[in-house]
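Residue numbers start from 1 in every chain, and the chains themselves are labelled A, B, ... in the order their sequence lines are given, proteins ahead of strands.
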Number of protein chains: 2
Amino acid sequence: MVVYELSEEQTNKVFRALADATRRDIVRRTLHAEVSISELAASYDMSFAAVQKHVAALEVAGLVSKIARGRERIVRGQPDTIRHAQELLTSLEDIWRQRISRLDDFLSDEAT
Amino acid sequence: MVVYELSEEQTNKVFRALADATRRDIVRRTLHAEVSISELAASYDMSFAAVQKHVAALEVAGLVSKIARGRERIVRGQPDTIRHAQELLTSLEDIWRQRISRLDDFLSDEAT
DNA sequence: CTCATATACAACCATTTGGTTGTACGATAC
DNA sequence: GTATCGTACAACCAAATGGTTGTATATGAG
């Protein structure tokens, strides 16, 4: 399986974008179904422009994409980028697991 | 399986902490083996105090813990918190998968 | 055509972030 | 005891973040 690595800068943007409850909620909603920016904006207690900025941050991170439909912009969640972030976390967990298995080896050596 | 949910604020801190290449590297190294703060500081092109702040951000997020050993502070990666973040990303992916399966249902209804 | 809607974007502002240097203090080495 | 090492923490600063309002523009409705 070929994994397309994200650049460090791209990775920063992905995690940064996920570090906000409103943005995480936008990702959830746009993964669930296509939503326009104004529909999103109606849900949060902040200005339209603020929501627009959150969507822009998510778009730059690759967590959502926008397509024009008439005068609306439809926002779609991008599961691939989520998966990239997940793979990075998995690689961290693997480091831990390798450490544990090294420790097991050490202990079984000890026992002989 | 009981999953201990992180608060929104705690989740913000975890992702925020991961949104920096130096901090991700510190997590990698401290998951691999125990390292003192000064050992960490020697690796990065910034002041000791700056590295100390990065470690503090990771500690507040629950991604590392510190224990005193003599005059040193040993930093340990905390795989549990990594797993919490991973579970959140998995729940996002699940939302996507449910959408796909709804779409499949729709298409098979269409076919009948 | 005119009006309302959906979006884009600039300018502005307060707060947070990420770095710096300097100072203080406990633990270890000599 | 004194010097050194490892850490903690405060004060400071520039840049980024997350919100605001205001203005412009394109699309759809009537």
Side-chain angles (χ1 to χ4, degrees), chain A residues 7-30 33-77 85, chain B residues 7-30 33-77 85:
Chain A
S7 71
E8 296 275 271
E9 247 325 297
Q10 228 12 57
T11 305
N12 292 352
K13 284 176 184 156
V14 172
F15 284 117
R16 191 79 191 69
L18 289 169
D20 179 278
T22 302
R23 286 193 294 257
R24 285 192 300 274
D25 194 63
I26 292 175
V27 171
R28 269 180 223 108
R29 289 186 57 188
T30 57
E34 300 188 340
V35 195
S36 73
I37 299 185
S38 45
E39 282 172 324
L40 288 171
S43 316
Y44 307 109
D45 186 25
M46 64 185 74
S47 67
F48 178 88
V51 174
Q52 222 176 5
K53 279 195 187 183
H54 283 308
V55 171
L58 290 166
E59 192 181 19
V60 165
L63 285 163
V64 306
S65 63
K66 286 191 298 185
I67 58 158
R69 186 143 78 202
R71 59 186 161 187
E72 294 186 331
R73 297 294 177 274
I74 303 299
V75 185
R76 295 176 173 169
Chain B
S7 71
E8 295 275 270
E9 246 326 296
Q10 222 22 50
T11 305
N12 292 352
K13 282 177 186 157
V14 172
F15 284 117
R16 190 81 192 66
L18 289 169
D20 178 279
T22 301
R23 286 193 294 257
R24 285 192 301 274
D25 194 61
I26 292 175
V27 171
R28 270 181 222 108
R29 288 186 57 188
T30 57
E34 300 189 339
V35 195
S36 73
I37 298 185
S38 46
E39 282 170 325
L40 288 171
S43 317
Y44 308 110
D45 186 27
M46 65 185 72
S47 68
F48 178 87
V51 173
Q52 221 176 6
K53 280 195 186 183
H54 282 308
V55 172
L58 290 167
E59 193 181 18
V60 166
L63 284 163
V64 306
S65 63
K66 285 191 299 185
I67 58 158
R69 184 142 79 202
R71 60 185 162 190
E72 296 185 330
R73 296 295 178 273
I74 304 299
V75 185
R76 294 176 174 169

Student: Which residue lies toward the 5' end of DNA chain D, A:A57 or B:E39, if each is placed at its nearest nucleotide?
Tutor: B:E39
Student: Expressed in angstrom and rounded to an integer, what is the separation of B:N12 atom CG from D:dG18 atom P?
Tutor: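 Between P of D:dG18 and CG of B:N12: 10 Å.
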Student: Hey, does the side chain of B:R69 come within less than 4.0 Å of C:dG26's phosphate (OP1/OP2), counting only N and O?
Tutor: no
Student: Please state how far atom OH in B:Y44 lies from atom P in C:dT20, giving the value in whole angstrom units.
Tutor: 14 Å
Student: A:E72 side chain: which of D:dT20, C:dT17, C:dT7 is closest?
Tutor: C:dT7
Student: Nearest to the side chain of A:M46, heavy atoms from C-beta on, is which of D:dT21, C:dT20, D:dG19?
Tutor: D:dG19
Student: Please name the residue in the list B:V14, B:V55, B:T30 that meets the side chain to side chain contact (heavy atoms under 4.5 Å, CB included) test with B:L63.
Tutor: B:V14
Student: Choose from C:dA6, C:dT28, C:dT20 the nucleotide whose nearest atom is closest to any side-chain atom of B:R71.
Tutor: C:dT28
Student: Please check the phosphate of C:dA6 (OP1 and OP2 only) for any side-chain N or O of A:R73 closer than 4.0 Å.
Tutor: no
Student: Could you check whether any side-chain heavy atom of A:E39 comes within less than 4.5 Å of a side-chain heavy atom of A:E72, counting everything from C-beta outward?
Tutor: no
Student: Whether B:K66 contacts D:dA8 is assessed here as follows: a side-chain N or O lying under 4.0 Å from the phosphate OP1 or OP2. Is that the case?
Tutor: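 Result: yes.
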Student: A:L58 CG to D:dG18 P: how many Å, rounded?
Tutor: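 Taking atom P of D:dG18 as the reference, CG of A:L58 is at 11 Å.
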Student: A:V51 or B:I74: which one's nearest nucleotide on DNA chain D is closer to the 5' end?
Tutor: B:I74
Student: Have a look at A:A41 and say if it touches a base, only the backbone sugar-phosphate, or nothing, with a 4.0 Å heavy-atom cut-off.
Tutor: nothing
Student: Can any side-chain N or O of B:Q10 pair as donor or acceptor with the backbone N or O of B:V60 at less than 3.5 Å?
Tutor: yes
Student: Looking only at side-chain atoms of B:S47, point me to the closest of C:dT20, D:dT7, D:dG19.
Tutor: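 Selected nucleotide: C:dT20.
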Student: Can you check whether A:H54 has a side-chain N or O nearer than 4.0 Å to OP1 or OP2 of D:dG19?
Tutor: yes
Student: How long is the line joining CG of B:L18 and P of C:dG18, in whole Å?
Tutor: 12 Å
Student: Closer to the 5' end of DNA chain C via nearest nucleotide, is it B:R23 or A:F48?
Tutor: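 Its nucleotide being nearer the 5' end, the pick is A:F48.
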Student: Starting from P on C:dT17, measure out to CZ on A:F15 and report it in whole angstrom.
Tutor: 18 Å
Student: Please check the phosphate of D:dC5 (OP1 and OP2 only) for any side-chain N or O of B:S38 closer than 4.0 Å.
Tutor: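 Checking B:S38 against D:dC5: no side-chain N or O falls below 4.0 Å of OP1 or OP2.
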Student: Is a donor from one side chain sitting under 3.5 angstrom from an acceptor on the other, for B:S36 and B:R69?
Tutor: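 Note: B:S36 and B:R69 side chains miss the donor-acceptor criterion.
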Student: Checking B:R29 against B:S43: is there a side-chain donor and acceptor pair closer than 3.5 Å?
Tutor: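 B:S43 vs B:R29: donor-acceptor pair found between side chains.
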Student: If you assign each of A:K53 and A:R16 to its closest nucleotide in DNA chain C, which residue comes earlier from the 5' end?
Tutor: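 Result of the comparison: A:K53.
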Student: Without decimals, in angstroms, what is the distance between B:L40 CG and D:dA8 P?
Tutor: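 One finds 12 Å between P of D:dA8 and CG of B:L40, rounded.
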Student: To the nearest Å, give me how far apart CD1 (B:I37) and P (C:dG26) are.
Tutor: 17 Å
Student: Measure CZ/A:R24 against P/D:dG18 and give the value in whole Å, please.
Tutor: 12 Å
Student: Just to confirm, is there a sub-4.0 Å distance from OP1 or OP2 of D:dA8 to any side-chain nitrogen or oxygen of B:Q52?
Tutor: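 Yes, because at least one side-chain N or O of B:Q52 sits under 4.0 Å from OP1 or OP2 of D:dA8.
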Student: I'd like to check B:E34 versus B:V75 (side-chain heavy atoms, cut-off strictly below 4.5 Å). Are they in contact?
Tutor: no
